[in-house]
Amino acid sequence: MKIATWNLNSLRTRLPQLLSWLDGERPDLLALQETKLPDPEFPAAELLECGYHALCAGQPAYNGVALLSRVVPNLCFTDFSEFPGLTGFRDPQRRVLAAVCTDVCVLNLYVPNGSEVGSPKYAYKLSWLERLQEVVRALLRRHEYLLLVGDLNIAPEDRDVWEPRAWKDKVLCSAPEREHFQRLLEAGLEDCLRKHHAEGELYSWWDYRNASFQRNQGLRIDHILASASLTQCCLSCHVDKRPRGLDRPSDHAPVIAEFELPAGEPDES
DNA sequence: ATGGCGGCTGAGAGCCGA
């Protein structure tokens with residue numbers, strides 16, 4: 001099973017690139033972020049034509065997530081408020097989509113950027129991440145095979161940052177954000193890319209400015225995390241940098257992981 | 001130190017991202 005995550009920075013603008021990439025890669029699952037598109041305008045027909053069923057949770061102009069799947073996916077929820085115990089936390093920003101595909105529960109996230117440490121948006125990010133911890137713990141109790149994927153907007157360690165001294169304590173790299181990432185690992189998730197690659201200079205986002213991509217000045221903020229049973233089955237994980245080099249690219253590149261699941265394992269619910 | 005770029009809305013220039 002091949003699964004991928006890609007922040008498209010506008011599905012409308014990137015649809016031709018997406019369709020061409022899907023034709024080449026044929027992942028079983030692709031989690032999308034920053035679709036920036038209300039649901040009635042979601043290009044479901046074009047994607048189905050390409051062989052993909054879709055679930056989406058969008059809004060105009062900002063945010064928006066979607067899940068593409070070769071098999072028909074079963075939607076679980078599109079907001080943390082749909083979760084027992086978190087009913088007071090309805091978020092008008094579309095950043096969450098959870099679904100079950102065959103035996104795997106996939107939680108697709110577009111974590112708030114946070115703007116600047118100490119800002120109101122940063123406070124929103126931290127409280128959002130606090131709610132996420134509860135959701136992840138509950139999902140891990142229910143699903144042996146859990147994937148948490150998406151634009152987490154956290155560079156977990158200095159090796160995930162092109163200039164750690166410049167980024168120190170800045171948004172995406174601050175200690176409270178990194179602690180949230182570590183808590184996800186402590187809860188029972190593993191970082192699939194780090195299972196296979198210890199080296200630095202592996203990034204998933206590069207600023208449009210300053211020829212950052214050409215100089216490989218980036219951050220690793222898009223992630224594929226998996227529960228222990230799934231991580232055991234993870235054969236490979238890598239960043240596909242090719243789409244970032246196309247004309248009019250997204251500023252993020254896809255991250256791809258391959259799994260070999262034992263036949264006939266049931267998920268529980 | 002600041003802005004660089006690019007996408008959005010709505011028809012300007014300003015907001016937002018990371």
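Here ring pair (Phe, Tyr, Trp, His ring centres under 6.0 Å) pairs that include residues 64-104 of chain A, with residues two or more places apart or in two chains, are A/F77-A/F83, A/F80-A/W128. A salt bridge (charged side-chain N to carboxylate O under 4.0 Å, His left out) check over residues 73-89 of chain A, counting only residues at least two apart or in different chains, returns the pairs A/D79-A/R90, A/D79-A/R94. Residue pairs meeting the ring pair (Phe, Tyr, Trp, His ring centres under 6.0 Å) criterion with at least one member in residues 16-69 of chain A, sequence neighbours excluded, are A/W6-A/W21.
As rounded to the nearest Å, B/dA11 and B/dG7 have C1' atoms that lie 16 Å from one another. Nucleotides B/dA1 and B/dC15 are separated by 22 Å at their C1' atoms, to the nearest Å. B/dA18 and B/dC5 have their C1' atoms separated by 12 Å, with the value rounded to a whole Å. With both ends at atom P, the span from B/dA13 to B/dG4 equals 15 Å, rounded to whole Å. B/dG10 sits 12 Å from B/dG14 when the C1' atoms are compared, rounded to a whole Å.
Nearest-nucleotide assignment on DNA chain B puts the 5′-proximal partner with A/N210, out of A/A61 and A/N210.
Residues passing the salt bridge (charged side-chain N to carboxylate O under 4.0 Å, His left out) test with A/D240, sequence neighbours excluded: A/R242. Partners of A/E41 according to the salt bridge (charged side-chain N to carboxylate O under 4.0 Å, His left out) rule, which considers only residues two or more places apart in sequence or in another chain, are A/R12. A/K121 meets the side chain to side chain contact (heavy atoms under 4.5 Å, CB included) test with A/S115, A/S119; sequence neighbours excluded.
With rounding to whole Å, A/R248 atom CZ is found 9 Å from B/dG7 atom C1'.
For the pair A/N108 (side chain) and A/G150 (backbone), a donor-acceptor distance under 3.5 Å is absent.
Membership of an apolar cluster is not assigned to A/L48, as no side-chain contact below 4.5 Å to another ILVMFWY residue is traced.
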At under 4.0 Å between heavy atoms, which parts of nucleotides 10-18 of chain B does protein reach? Answer with one letter per nucleotide, 5' to 3': B base, S sugar-phosphate only, - none. -----BSBB
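Within a heavy-atom distance below 4.0 Å of DNA chain B, the residues of residues 11-18 of chain A found are A/T13, A/R14.
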